[in-house]
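Every chain is numbered from 1, with letters handed out A, B, ... down the list of sequences.
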Amino acid sequence: MPELPETETIARDLEAMVLGALIARVEVPRPDVLRGGAVAAFREALVGGALRRVWRRAKCIVLEVDAVRGDTRWRVVVQPRFTGGLVVDDGTLPAAERTAICVTAHLADGRCVHYRDVRRLGTVALMDDARFASYSAGIGPEPLDSALTAEAFSGFIRYSRRPIKVVLMDQRHLAGVGNIYANESLWRASIDPSREAASLTAGTCADLLAALREVLTASIAARGTSFRDYRDARGARGTFVEQLAVYGRAGLPCLRCGRRLVGTHAVDGRQTVFCPTCQH
DNA sequence: AGGGGAACCCGTACGC
DNA sequence: TGCGTACGGGTTCCCC
């Protein structure tokens with residue numbers, strides 16, 4: 001389940017591996033993952049182009065490709081959702097990591113970049129400048145961007161009467177936070193996930209933003225959380241699962257107070273794990 | 001405008 | 001054992 005740290009890891013790996021590479025050929029064995037255009041338009045925009053930048057926005061990996069014709073810099077926006085992933089194949093990728101391929105870009109140097117997705121709920125979208133600008137404008141600020149102040153953060157939180165966990169994961173307010181890191185940051189900040197967002201003080205909001213930044217930064221350093229499907233651009237697992245305090249630990253002792261952690265679906269229909277003793 | 005619900009997809013878990 | 005079915009999960013779209 002790639003969230004911010006996992007997509008950040010993939011984007012950094014890809015940028016290090018394929019920057020400047022030329023796209024020689026594009027195959028789309030599973031066209032239903034494509035959004036915003038047909039296979040022919042997708043190919044025409046990308047074949048012959050060069051990869052100029054790979055970065056992350058929210059939970060998306062953005063591959064920027066110089067246009068072959070005109071001056072558009074096309075963006076291939078990949079949303080892995082649950083089981084999707086981008087992987088570079090230099091010929092040594094194990095067969096087990098070469099299944100469920102939906103889209104492949106063959107590079108001029110002989111390597112491939114695959115978009116793999118067993119369940120195909122993830123998407124690959126081709127966007128021009130205007131389309132990407134409007135897409136990005138609909139998503140909130142990046143939590144790790146220092147331009148996001150504690151005041152702006154507490155501003156949108158204290159405006160909503162929904163549970164704080166739901167507001168944290170609302171991409172219109174804040175980019176890139178999903179179920180795992182919402183659970184983890186709320187535990188670190190000792191906040192009950194079901195608490196009405198508007199009831200948090202400005203000081204508690206500042207604590208929450210600090211906790212969120214800590215957990216995201218630590219997870220990026222560990223190359224993400226491989227709970228089940230996630231793999232980085234080399235097909236390897238991230239190790240942050242070893243540092244998770246609550247997610248996947250329902251019924252086990254709280255690492256702060258030793259009482260049993262509770263798992264519930266009552267907050268937002270998703271698995272929520274928290275400590276009823278120290279989160280309030 | 002904010003909020004709720006359906007659709008998307010298929011491996012996994014579970015029931016018979 | 002084998003088959004059928006329910007479920008989950010983030011985002012987008014539609015509707016109230």
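Checking A:Tyr115 against A:Asp117 by side-chain atom types alone, a donor-acceptor pair falls below 3.5 Å. Side chains of A:Thr225 and A:Tyr247: a donor-acceptor N/O pair is absent below 3.5 angstrom, by distance only. Looking only at atom types and distance, the side chain of A:Glu64 has a donor-acceptor partner in the side chain of A:Trp55 under 3.5 Å away. In summary, the side chains of A:Arg223 and A:Thr239 do not present any donor paired with an acceptor at a separation below 3.5 Å, with no hydrogens or angles considered.
Summarising the geometry, the separation between NZ on A:Lys165 and P on C:dG9 is reported as 9 Å, rounded to the nearest angstrom. When rounded to the nearest whole Å, the span between CD of A:Glu6 and C1' of C:dG9 equals 14 Å. Rounding to whole angstrom units, OH of residue A:Tyr135 and C1' of C:dT12 are separated by 10 Å. Spacing between atom CZ of A:Phe82 and atom C1' of B:dC8 amounts to 10 Å, rounded to whole angstrom units. Between the CZ atom of A:Arg172 and the P atom of B:dA1 there is a distance of 11 Å, given to the nearest Å. Straight-line distance from the CZ atom of A:Arg81 to the P atom of B:dC9: 11 Å, rounded to whole Å. For the pair A:Phe156 CZ and B:dG3 C1', the interatomic distance rounds to 17 Å; values are reported in whole Å. Separating the CG atom of A:Asp170 from the P atom of B:dG3 is a distance of 9 Å, rounded to the nearest angstrom.
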Donor-acceptor pairs under 3.5 angstrom involving side-chain atoms of residues 45-52 of chain A: please list them, not counting sequence neighbours.
{"residue": "A:Arg52", "atom": "NE", "partner": "A:Asp66", "partner atom": "OD2", "Å": "2.5"}

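Listed candidates were C:dT12, C:dG9, B:dG3. Nearest to the side chain of A:Gln79 is C:dT12. Of the candidates C:dT12, B:dG3, C:dT11, C:dT11 carries the atom nearest the A:Lys59 side chain, counting heavy atoms from C-beta on. Closest contact between the side chain of A:Tyr159 and the listed nucleotides B:dG3, C:dG9, B:dG2 involves B:dG2.
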Derivation and outcome, side chain to side chain contact (heavy atoms under 4.5 Å, CB included), residues A:Arg234 and A:Met17: CA-CA 10 Å; A:Arg234 292 182 175 82; A:Met17 288 190 274; 3.9 Å; yes

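Both cation-pi conditions hold for A:Arg256 and A:Trp187: the charged atom is under 6.0 angstrom from the six-membered ring centre and inside a 45 degree cone around its axis.
Phosphate proximity of C:dG9 to A:Gln271: absent, as no side-chain N or O sits under 4.0 Å from OP1 or OP2. Listed pair A:Gln171 / C:dT12 fails the phosphate criterion, with no side-chain N or O lying under 4.0 Å from OP1 or OP2.
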Extract from the structure each pairing of a protein N or O with an N or O of nucleotides 10-12 of chain B at less than 3.5 Å, listing the distance.
{"residue": "B:dC10", "atom": "OP1", "partner": "A:Arg120", "partner atom": "NH1", "Å": "2.4"}
{"residue": "B:dC10", "atom": "OP1", "partner": "A:Arg120", "partner atom": "NH2", "Å": "2.3"}
{"residue": "B:dC10", "atom": "O2", "partner": "A:Arg119", "partner atom": "NE", "Å": "3.2"}

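A:Asp117 comes within contact range of no nucleotide atom at all, as no heavy-atom separation falls under 4.0 Å.
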